[in-house]
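Just so you know, these numbers come straight off a predicted model, no measurement behind them. Residue numbers start from 1 in every chain, and the chains themselves are labelled A, B, ... in the order their sequence lines are given, proteins ahead of strands.
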Number of protein chains: 2
Amino acid sequence: MKRRTSPDETRERIVRAAGEVFGRHGFDGTTVRQITRRAGVNVASVNYHFRDKGELYMRVLREAKCLAGDLAATEFRGAPEEQLRGFVFTFVRRLLDPNRPAWHVQVITQEMMRPTPALDFLVREMTEPIFRRVRELIGAVAGRKLPGPKLDMLASSVLGQCLFYVRSRPMIERLAPELSRGPDRIERISDHIATFTLAALCHLFNKRPSARKGKTSNRGRVPALYAV
Amino acid sequence: MKRRTSPDETRERIVRAAGEVFGRHGFDGTTVRQITRRAGVNVASVNYHFRDKGELYMRVLREAKCLAGDLAATEFRGAPEEQLRGFVFTFVRRLLDPNRPAWHVQVITQEMMRPTPALDFLVREMTEPIFRRVRELIGAVAGRKLPGPKLDMLASSVLGQCLFYVRSRPMIERLAPELSRGPDRIERISDHIATFTLAALCHLFNKRPSARKGKTSNRGRVPALYAV
DNA sequence: TGACAATCCAAACATTTGTTTCAAACTTTT
DNA sequence: AAAAGTTTGAAACAAATGTTTGGATTGTCA
């Protein structure tokens with residue numbers, strides 16, 4: 001007779017449940033019993049399959065980083081402006097897409113805000129490459145060599161805009177509920193951030209007015225290729 | 001003989017210590033004994049002076065909101081662009097000034113990210129007014145009536161840029177340490193955000209190029225009046 | 001001073017925490 | 001089918017949690 005749940009499935013169920021709870025309450029705020037209750041397994045399973053709570057947490061972070069995808073390695077085609085726009089669209093979609101399990105982003109955000117010893121891993125493995133990538137894209141749009149700190153701040157402006165919608169979600173839902181609703185909200189937000197950013201860069205570095213203005217033109221749409 | 005510590009001082013010591021610990025670990029991650037140890041008082045003091053841990057937390061939030069200042073009510077003078085610039089300078093200073101106790105900002109940030117029932121209070125009392133103010137300032141700069149959601153996203157772009165430096169601090173310190181150091185870092189960051197934002201608005205709404213570009217001009221400096 | 005209330009403190013309270021134990025149930029191997 | 005190795009589950013563990021208790025200490029006012 002087949003076992004009701006295989007050992008591997010138990011492990012997966014624990015990781016998924018752990019991701020959801022860790023994502024909502026962070027490492028400290030989460031109890032092992034919350035996880036096992038949600039996963040429908042025994043309390044001891046956590047210590048059997050993973051050494052302890054900390055080890056399980058690391059496993060969850062690794063999973064989240066993995067599912068977050070190699071955004072940094074993605075190639076975008078077209079003019080530098082189009083590439084930056086493509087990046088913003090992909091990044092925001094990764095952050096807000098309701099089809100993806102929400103805990104991937106949430107658990108990473110929690111770790112960024114209330115660091116545990118695991119933060120170094122996350123920065124090294126995903127934040128740093130993404131940050132570097134944004135700097136490259138911005139440098140290309142600017143079309144000239146920029147001093148490092150200036151480039152860092154420009155990249156921070158882009159990432160800050162994107163992450164705001166994730167990290168301040170409970171706030172935004174109260175202040176501007178329209179922004180959180182509607183099936184096209186991801187595209188609206190992406191389009192705004194990209195347009196805003198390109199407008200700033202365009203003005204700061206005296207590029208041509210870049211054609212875009214007002215509603216979404218076909219040129220402005222992110223190619224389906226990017227819309228992972 | 002005078003008591004070593006007056007009851008009022010005990011209360012204050014508890015609130016300050018609680019602010020520091022809550023700011024670092026959030027409500028869940030904080031234990032009453034951590035607070036009392038840091039404050040140098042007995043464990044029971046918390047339940048004596050404040051009803052329970054939750055009541056103390058609310059008191060801390062109220063204090064933080066109070067010390068955060070009535071940024072929303074501050075009047076800025078000059079052209080709309082100057083007013084927006086003044087707001088950014090003041091806001092960023094409030095967020096990053098090392099002379100102010102860091103926990104004011106941190107405890108609010110923690111609450112935004114991992115909401116407790118107290119979030120409604122915070123949004124109503126400080127976030128909402130600030131958000132509304134930014135929308136007004138941006139509307140003035142744009143010089144035309146804008147649809148609500150558009151205004152919301154523009155405000156989000158400004159606040160997102162500012163808050164990034166607070167919420168991603170542990171990350172930034174690893175990625176771009178230069179941004180976290182130096183006595184002029186607050187001014188450098190403020191100046192960048194204001195310039196970046198005004199450049200975008202200027203380009204989006206076809207205003208005149210606004211003169212600013214490159215290094216800080218005298219016009220660009222925030223008047224001492226604003227530099228609270 | 002002496003009585004009264006306010007404040008403080010050590011100890012204990014009942015829960016909840018992460019983890020361990022060990023026997024039963026199951027799967028695989030012999 | 002018997003033996004060996006995995007996986008599960010109920011119960012128990014010590015440690016830590018928020019809170020309460022009762023008595024000691026302090027300040028106030030008659």
Might you confirm whether atom CZ of A:Arg185 has over 12 heavy atoms from other residues, nucleotides or ligands at distances under 6.0 Å? yes

Is it true that the side chains of B:Thr197 and B:Gln161 contain a donor and an acceptor less than 3.5 Å apart? yes

Between D:dA12 (C1') and A:Asn47 (CG): distance, integer Å: 14 Å

Identify which nucleotide among D:dT19, C:dT19, D:dT8 has an atom closest to any side-chain atom of A:Tyr48, counting heavy atoms from C-beta outward. D:dT8

Tested for side-chain contact (heavy atoms from CB on, under 4.5 Å) against B:Thr30, the lone hit among B:His25, B:Arg24, B:Glu20 is B:His25

Atom pairs under 3.5 Å, N or O on each side, protein against nucleotides 13-16 of chain C: can you list them with distances?
none

Rounded to whole angstrom units, what separation is found between the OH atom of B:Tyr57 and the C1' atom of D:dT19? 20 Å

Using a heavy-atom cut-off of under 4.0 Å over every strand shown, decide if A:Thr30 touches base, sugar-phosphate, or nothing. sugar-phosphate

Base, sugar-phosphate, or nothing: which does A:Val46 touch, judged by heavy atoms less than 4.0 Å apart? nothing

Identify, between A:Asp28 and B:Asn42, the residue whose nearest nucleotide on DNA chain C lies closer to the 5' end. B:Asn42

Go through the steps for B:Tyr165 and B:Leu163 under the test side chain to side chain contact (heavy atoms under 4.5 Å, CB included), then give the verdict. CA-CA 5 Å; B:Tyr165 292 90; B:Leu163 292 173; over 6 Å; no

Whole-Å distance, B:Asp52 CG to D:dG18 C1', equals 9 Å

Look at the side-chain N and O atoms of B:His49 and state whether any lies under 4.0 Å from the OP1 or OP2 oxygen of C:dA6. no

Rounded distance in Å - CD1 (A:Ile14) to P (D:dT8): 8 Å

Closest of D:dA10, C:dG18, D:dT6 to the A:Val32 side chain is C:dG18

Test side chain to side chain contact (heavy atoms under 4.5 Å, CB included) on A:Glu82 and A:Arg77 and set out the steps. CA-CA 7 Å; A:Glu82 297 300 319; A:Arg77 48 177 90 143; over 6 Å; no

What is the distance, to the nearest angstrom, from the CG atom on A:Asp8 to the P atom on D:dT7? 8 Å

Answer with base, sugar-phosphate or nothing: what part of the nucleic acid does A:Thr10 contact at a heavy-atom distance below 4.0 Å? sugar-phosphate

Whole angstroms only, please: what is the CD1-P distance between A:Ile35 and C:dG18? 8 Å

Can you tell me if CG on B:Asp120 sees more than 12 non-hydrogen neighbours from other groups inside 6.0 Å? yes

To the nearest angstrom, how far is A:Arg51 atom CZ from C:dG18 atom C1'? 13 Å

Any salt bridge linking B:Arg132 with B:Glu136? Criterion: basic side-chain nitrogen under 4.0 Å from a carboxylate oxygen. no

Between D:dG9 atom P and A:Arg37 atom CZ, what is the distance in whole Å? 16 Å

